[in-house]
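First the structure, in the form of structure tokens, and then the observations on it.
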2 protein chains.
Amino acid sequence: MAFENDERPLYEIKANLFKGLAHPYRIRVLEILAGVSEAPVSDMISATGLEASHLSQHLSVLRRYGLVVSERRASVVYYRLAFPQVADLLQVARALLSELLQDSQRHQSSALALPAISSVR
Amino acid sequence: MAFENDERPLYEIKANLFKGLAHPYRIRVLEILAGVSEAPVSDMISATGLEASHLSQHLSVLRRYGLVVSERRASVVYYRLAFPQVADLLQVARALLSELLQDSQRHQSSALALPAISSVR
DNA sequence: TTCTGATATGATGACTTTATAAAGTCACTA
DNA sequence: TAGTGACTTTATAAAGTCATCATATCAGAA
């Protein structure tokens with residue numbers, strides 16, 4: 001009753017998907033891409049304010065997890081969401097968050113949904 | 001055009017939500033809880049095969065991020081999802097994953113959705 | 001070919017998360 | 001009140017993630 005061998009790796013894969021989403025800049029990038037058909041890296045640099053190499057690393061994480069795809073046309077690289085469902089996921093997360101936040105206000109335990117009071121900058 | 005001060009912390013909060021989901025055991029726990037109204041820790045220990053203290057740490061992460069709530073009745077502690085939307089999120093993730101996996105099979109780039117080939121145990 | 005702009009990759013230090021073991025708390029019973 | 005079962009917290013080493021800087025690649029201009 002404890003292990004279903006077939007199921008176990010799936011938890012890992014699922015957790016990895018969320019790992020891909022577990023950084024503010026990556027969320028930012030995905031939300032930018034959710035609103036357009038595609039975007040060149042240069043646009044994302046100016047939209048996020050990130051240094052090119054830093055952004056590039058996050059983009060490579062997103063590529064590795066299969067959340068975005070890129071295409072080079074001339075010297076410009078364009079990115080877009082690999083699947084429209086990625087946008088769905090962000091939207092469901094948004095809905096959940098607004099619940100979470102409302103709830104935390106109601107209960108004035110305003111630290112909810114934050115990583116632990118001490119680690120919020 | 002680069003920063004919207006009001007929006008920025010939201011990316012952080014959203015990323016934190018995904019961080020809470022970014023571990024196989026926590027996904028496992030949430031899926032267990034998604035299927036019942038509540039579950040005692042002892043059930044989750046046997047369902048996951050985890051050592052009590054290890055499970056407890058993951059439960060505390062989930063509590064900290066506001067994804068689950070616990071209640072002690074006599075000497076048993078019961079957990080349940082803090083919001084039904086948590087189950088929605090998992091379900092959307094599942095749908096996205098099945099797309100991702102199908103797609104990666106079609107393109108025989110079977111490493112998709114995995115953390116980077118080298119870090120898969 | 002060499003230069004340049006646009007990205008990507010690699011290396012490194014700072015920091016955070018995870019897994020394991022040991023100690024602690026809480027509620028109940030003998 | 002001592003003991004026990006059910007958890008939780010603390011401590012710590014190992015592994016992983018992030019930000020920064022230097023270097024590399026790629027495509028078009030000179």
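Every chain is numbered from 1, with letters handed out A, B, ... down the list of sequences. Quick note: numbers below take in every heavy atom, side chains included, and nothing from hydrogens, waters or symmetry partners.
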Worksheet item: Just to confirm, is there a sub-4.0 Å distance from OP1 or OP2 of C:dA19 to any side-chain nitrogen or oxygen of B:His58?
Response: yes
Item to complete: Select one nucleotide: of D:dC7, D:dA27, C:dT9, the one nearest the side-chain heavy atoms of A:Ser53.
Response: C:dT9
Discussion item. Could you check whether the side chain of A:Gln57 and the base of C:dT7 have a donor-acceptor pair of N or O atoms closer than 3.5 Å, going by distance alone?
Written reply: no
Item to complete: Check whether any side-chain nitrogen or oxygen of B:Tyr25 sits under 4.0 Å from OP1 or OP2 of C:dT17, and answer yes or no.
Response: no
Fill in: 4.5 Å side-chain heavy-atom contact, B:Val86 and B:Leu33
no
Worksheet item: Which heavy-atom pair separates A:Ala87 from A:Ala34 by the least distance, and what is that distance?
Response: CB-CB, 4.0 Å
Discussion item. Any side-chain N or O of A:Ser56 below 4.0 angstrom from OP1/OP2 of C:dA8?
Written reply: yes
Fill in: Donor-acceptor pair under 3.5 Å, A:Glu51 side chain vs C:dT7 base
no
Practice prompt. Write down the atom of B:Ile27, the atom of B:Leu21, and the distance for their closest heavy-atom approach.
Written response: CD1-O, 3.2 Å
Worksheet, complete the sentence: Ranking C:dT9, D:dC7, D:dA27 by distance to the side chain of A:Ala74, first place goes to D:dA27
Discussion item. On the nucleotide D:dT8, are OP1 or OP2 found under 4.0 Å from the side-chain N or O atoms that B:His54 carries?
Written reply: no
Worksheet item: Hey, does A:Tyr78 reach any base, or is it just sugar-phosphate, or nothing, if we go heavy atoms under 4.0 Å?
Response: nothing
Worksheet item: Counting only side-chain N and O atoms of B:Tyr79, is one of them less than 4.0 Å from OP1 or OP2 of D:dT8?
Response: yes
Discussion item. Base, sugar-phosphate or nothing for A:Arg26? Non-hydrogen atoms, less than 4.0 Å.
Written reply: sugar-phosphate
Worksheet item: So which one's nearest nucleotide on DNA chain D is more toward 5', A:Ser75 or A:Ala22?
Response: A:Ala22
Discussion item. Expressed as a whole number of angstroms, how long is the span from B:Leu55:CG to C:dA21:C1'?
Written reply: 16 Å
Worksheet item: Roughly how many Å is it from CZ in B:Arg72 to P in C:dT25, rounded to a whole number?
Response: 13 Å
Practice prompt. Write down the atom of B:Ile45, the atom of B:Ala52, and the distance for their closest heavy-atom approach.
Written response: CD1-CB, 3.7 Å
Worksheet, complete the sentence: Whole-Å distance, A:Glu71 CD to D:dC26 C1', equals 16 Å
Worksheet item: For the pair made of CZ in B:Arg28 and P in C:dA19, what is the distance, rounded to whole Å?
Response: 15 Å
Response to the item:
Checking A:Met44, A:Glu38, A:Glu71 against A:Tyr79 for side chain to side chain contact (heavy atoms under 4.5 Å, CB included), the one that qualifies is A:Met44
Discussion item. Expressed as a whole number of angstroms, how long is the span from B:Lys19:NZ to D:dT17:P?
Written reply: 12 Å
Worksheet item: Parallel under 30°, tilted from 30 to 60°, perpendicular over 60°: which one fits the rings of A:His58 and A:His23?
Response: tilted
Worksheet item: Given atom CZ of B:Phe18 and atom P of D:dT17, what is their separation to the nearest angstrom?
Response: 17 Å
Worksheet item: Taking atom C1' of D:dA6 as reference, at what distance in whole Å does atom CG of B:Leu50 sit?
Response: 16 Å
Response to the item:
Heavy-atom nearest pair, B:Ser56 first then B:Arg63, reads O-NH2, 4.1 Å
Response to the item:
Separation of D:dG16 atom C1' from A:Tyr65 atom OH, nearest Å, is 10 Å
Practice prompt. Mind checking the CD-CD spacing from A:Glu31 to A:Gln91? Nearest 0.5 Å is all I need.
Written response: 10.5 Å
Worksheet item: NA contact type, B:Ala52, heavy-atom cut-off 4.0 Å: base, sugar-phosphate, or nothing?
Response: base
Item to complete: For DNA chain D, determine which residues of residues 35-42 of chain A have any heavy atom closer than 4.0 angstrom to one of its atoms, and list them numerically.
Response: none
